[in-house]
Each structure stands twice: as C-alpha cells, then as structure tokens.
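Inspection log for the structure reproduced underneath, given as structure tokens.
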There are 2 protein chains.
Amino acid sequence: MSLSSAEQDYLKAIFAITRIEHRQANTNAIAVLLKTKASSVTDMIKKLAVKKLVKYEKYKPVSLTNKGQKIATSLIRSHRLWETFLVERLEYDWSRVHSIAEQLEHIEDDELLDKLDHYLGYPKFDPHGDPIPTKEGTFPQRDETLLSQLNPGDCGTISSVLQDDESFLEALNQLNLCINQPIEYIKKIDFDQSIQLKINDHIHILSENMAKNIAIQKLP
Amino acid sequence: MSLSSAEQDYLKAIFAITRIEHRQANTNAIAVLLKTKASSVTDMIKKLAVKKLVKYEKYKPVSLTNKGQKIATSLIRSHRLWETFLVERLEYDWSRVHSIAEQLEHIEDDELLDKLDHYLGYPKFDPHGDPIPTKEGTFPQRDETLLSQLNPGDCGTISSVLQDDESFLEALNQLNLCINQPIEYIKKIDFDQSIQLKINDHIHILSENMAKNIAIQKLP
DNA sequence: AAATATTTTTAGGGTTGTCTAAAAAAATAG
DNA sequence: CTATTTTTTTAGACAACCCTAAAAATATTT
C-alpha cells in the first residue's frame, strides 16, 4: 500500500502524541501538531481507519493499529537516519536538519533505509540524541533525567534534546551544549526557576523552559 | 516561488524534449513522457505560463523561459548528484537508482545540493555518464559517438548510456559494460544491424537498438 | 440535573492535478 | 482547395486534502 505524504504525517503525529508524549490523540491535539484544523483531521482519520491504519470511534481519541504503528516507526527511523547523514556526512549544523529530514523521510524504499543505515554504521541515536528504531522497530533505551530535575552537584552528559526548534538548538550550540557534552548542575535560581550549570568550567544560566527540554545521562 | 512536484516534472520534461532530444515540446510529446494525457498537459502549461516559467501560445509547442530553464537545470543537477550518491556511497547498482533519484530530486534546498556536491567531490558525470550541470547551470561537454555509428576497428570506452531502463542497464552490467569500460568495435551484422564488439577479449553481440543507446568516447 | 462551555463532526466549498468526451484548430491528402 | 485526419483545447467531472461555519455530542460547572 502506498501512502501520501499527508497520510504519513498523520501516522507520525498520532505516534508522537500517544507513544512519545503519552497523551490522547484527539482531533485537536493532532490538528495543533500538524498545523491544520480539527475538521480536516476528522476527514483524514476516517480515511486511515478504512485502510486499517488507525482504530477510530466517533468522538474518541484515535490510536494506531499494528500496521499503522509499523509505518510510523519506519518513518521515524527514516527521519533520524537522514538527520544523522546530514550532520555526520554533509556537515550540517544540528539546528538545521529537521526540516530537510521531514522531506527526505517520505521517500519510500526499504532497501534505501537499510543501505543508509549500513553506510552510517548502524547509529543508535540521531544528532539530537533521539533513539533510532531498528529495522524491526525496537527503540534503543537509555536512562535519562531532565536537566530541570537534577539536584545540586549532579554531573552528567547531555544525552538528548526534546525540541527541534532552530533557535533553541542554535542557542545551545553557542554555549557549547551539544550531545555528550559533560555538565555539572549547580543550582536552581529561586527567582524564576532558572538553572545554573557549569560547562567546561564556565558558569551559565538556562531558563526553566530550556532546561525542561534537555535530557541528561547522569554520572554515578 | 515554490513549485509542486508535478510542476517540476513538467519543467524537466520540457527541458528533456527540447534541449536533450531536440524535438518540439508539443502537448502530446509531453503527455507521453509524463504518462499523462494531452488535456492535462494543456492545463498545466497554462499554469506554468502564468508563472512565467514557459512561453506558450495556443496550438504551438512550448519552450522554457530563462527562469524555467534554470529550475529544470537545477532539478537535473539534483537528480544526477543523488544518483551519484546512491551508487558511489550507498553501493546501489546503477540500474536501480533512477526511480529513487526521481524522488530525491524534488527536495528543495540549494545548500543541500551544494553540500552534497562538495561531499561527492564535485563529480562531473553521473553513474550513467550524463553530465552534471554546475551550480551556475553549465553542462560539462565531451566528444561522444554512438556505439551504433562506430567503424570496424574503432576502440574506445563507454562514456554514457542514453536510457535509464532497469532491464537495459542490468543486461549491460552482466556483460561488464559499465561506464569507462574499454571496448573494440568489430562489425555490424548484415542480418539485422546487430553490433559485434570485443569486451575484455571476449566477443559479444548487442542489438541495434541497444547500441543506439550507448555512447562511446573514441580512442585516437 | 440543567445550563454552559468545549470538542468533534458534518455540510458545503475551494484548490490542485488528473481524467473523458466533445469541440476547435491545424496538418495532411486527394 | 476542399475533405479528412490528427492534434490541441475546452468543458465538465472526480479524488485528495484543506478550509469555514454550523450542528451534534461530550464535558464541565453550578
């Protein structure tokens, strides 16, 4: 079965909402994520239900069938492998690969993905630290803590970022905050919950909101 | 200005017919190439004319404006760079890259093309021997003769193939007929104009039709 | 439990790109 | 130079995907 880009985007969105953000995939949530309207979502959901890619009952949140889940996982795999390619081989900045990978991910060819995976050396995590599912659909797991939830004195390395926003990633870059960068948590500032942390022996401050979107692998 | 895949395909088709095959781009020729109907072509041509990408007068063949030509050239550049990537980096067989490159070529990002070009080492010809236009839009030139037009005793190397058909390319592969392969032209067989040639000291036969689609760079 | 607010669906419409069938123009033949 | 054939365009329709506005269902408040 061949799916349009739009159909693929809906599957990805439902996956992201239900499996990654652990929220209910109701029409509004999907509409917000895909920057469209709830009525358009209803239309598309019906089509996907006919194709047995989602389970749908009127007025209830939708969920992916096994078939739908498989396709969504494969799209995520594609997206993350292409992001890895763009950063590691074409020397793109990690802040600028998301939108290009959005286009590349829709190219349908299982062999292409396998060859790309092989070429990149079977990476487990993409440039943002997000796990790359295997061909079989399993996601590599890791113990992560949000930077905003560390305690004074905690040390660790940045393992992933939870946003793809270009300005956010660029700003991190300027502080040398990249994946695997060691950091030490100093303290939370009472005033507005900003975070003080040490990077390469320099003290920096991050807003609470930014700290909530950075995941850390703690050192023992 | 952002163009749909369909619009891009039309520009490419008009370029191929007028600049490569040196024929008139009338609605039928375009329809055949794009596997659509003449009436659909008329519709699209009108849209492209409004966007000043083609010059169009009713009942006359269309041609590209400078603007349209620039876009078409850039698409060809994209297609051929991606084909090169697929063969040289992902180890695809040259017979199987065309359809994947058809999808990849539509990704719009000038910087991506430049980075890919740099990464591949600024190749001048793609895996089928077709010239890759530069960023500025100039096509590398070469002296080529069709295999079907050589004379007995002529020696040379295969410089390009004129078809992307999978079965054609696969068959060539099986005879070791790849780009840069040295060959010697033996003779034309009277019976049906088939070509006899020597490849790695072995005699082989090619149909007239296949020989017409293989270009040779003659040795002095 | 009724009134109100929110969410979801339906109804109707727009755009893009395709199609078939018929009309119009151009090319070819006698 | 008229008649016939071929090519091109128009007209009308359809599918995919999106929209707005209104109706229907559900959730929340009092």
Side-chain angles (χ1 to χ4, degrees), chain A residues 1-14 17-18 21-64 68 71-72 75 102-103 105-108, chain B residues 1-15 17-18 21 23-64 68 71-72 75 102-103 105-108:
Chain A
M1 175 189 8
S2 138
L3 299 180
S4 69
S5 276
E7 289 171 319
Q8 293 182 12
D9 286 338
Y10 274 89
L11 294 179
K12 255 188 53 176
I14 297 166
I17 293 167
T18 56
E21 301 175 26
H22 301 289
R23 296 184 295 132
Q24 292 199 323
N26 44 37
T27 48
N28 248 337
I30 297 170
V32 168
L33 197 58
L34 294 180
K35 297 193 175 74
T36 178
K37 298 296 146 76
S39 56
S40 305
V41 175
T42 305
D43 282 355
M44 181 61 95
I45 294 300
K46 283 182 184 167
K47 275 188 15 186
L48 293 175
V50 170
K51 295 191 178 184
K52 306 268 185 217
L53 297 170
V54 301
K55 282 189 276 273
Y56 172 58
E57 283 179 88
K58 268 192 186 182
Y59 298 104
K60 293 197 178 156
V62 300
S63 61
L64 295 173
I71 294 171
L75 285 166
E102 294 265 71
Q103 300 180 64
E105 76 188 3
H106 292 299
I107 290 167
E108 285 192 84
Chain B
M1 175 186 11
S2 139
L3 300 180
S4 69
S5 276
E7 290 171 318
Q8 293 181 13
D9 286 338
Y10 275 89
L11 294 180
K12 254 187 54 175
I14 297 166
F15 187 95
I17 293 169
T18 56
E21 301 176 24
R23 295 185 295 132
Q24 290 200 323
N26 44 35
T27 49
N28 246 338
I30 298 170
V32 168
L33 197 58
L34 294 180
K35 296 194 176 75
T36 178
K37 298 295 147 75
S39 57
S40 307
V41 174
T42 305
D43 283 355
M44 180 60 96
I45 293 300
K46 282 181 185 168
K47 276 189 16 187
L48 294 175
V50 170
K51 295 190 179 185
K52 307 268 185 215
L53 297 170
V54 302
K55 282 189 274 276
Y56 172 58
E57 282 179 89
K58 269 192 186 181
Y59 298 104
K60 295 199 177 153
V62 300
S63 60
L64 295 173
I71 294 171
L75 285 166
E102 292 266 70
Q103 300 180 64
E105 75 188 6
H106 292 299
I107 289 166
E108 285 193 83

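Here is the naming used below: chain letters follow the sequence lines, and residue numbers restart at 1 for every chain.
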### Task
Could you tell me the separation between the CD atom of A/Glu108 and the CD1 atom of A/Ile71, rounded to the nearest 0.5 Å?
8.0 Å
### Message
Using whole Å, what does the distance between atom C1' of nucleotide D/dA16 and atom CG of A/Leu48 come to?
### Response
12 Å
### Task
Rounded to the nearest angstrom, tell me the gap between atom CD in A/Gln24 and atom C1' in C/dT7.
12 Å
### Query
Measuring from A/Asp9:CG to A/Leu34:CG, what's the distance to the nearest 0.5 Å?
6.0 Å
### Message
Could you tell me how far apart A/Asp9 (CG) and D/dC18 (C1') are, to the nearest whole angstrom?
### Response
14 Å
## Note on the structure
Atom NZ of B/Lys51 and atom C1' of C/dT16 are separated, to the nearest Å, by 10 Å
### Task
Count the heavy atoms belonging to other residues, nucleotides or ligands that lie under 6.0 Å from CD of B/Glu21, then report whether that count exceeds 12.
yes
### Query
What does nucleotides 8-14 of chain C look like as a protein-contact string, B for base, S for sugar-phosphate only, - for none, at under 4.0 angstrom between heavy atoms?
SBB----
### Message
Would B/Val50 and B/Tyr56 count as a side chain to side chain contact (heavy atoms under 4.5 Å, CB included) here? Give the steps.
### Response
CA-CA 9 Å; B/Val50 170; B/Tyr56 172 58; over 6 Å; no
### Message
Please report the interatomic distance CG(A/Leu11) to CE(A/Met44), rounded to the nearest 0.5 Å.
### Response
8.5 Å
### Query
Taking OP1 and OP2 of C/dT16, is either one under 4.0 Å from a side-chain nitrogen or oxygen of B/Tyr10?
no
### Message
Below the 4.0 Å mark, does C/dT20 have OP1 or OP2 next to a side-chain nitrogen or oxygen of B/Lys37?
### Response
yes
### Task
Mind calculating the distance between CD1 (B/Ile45) and P (C/dT16) to the nearest angstrom?
16 Å
### Message
Other residues, nucleotides and ligands only: do more than 12 of their heavy atoms fall within 6.0 Å of NZ on B/Lys51?
### Response
yes
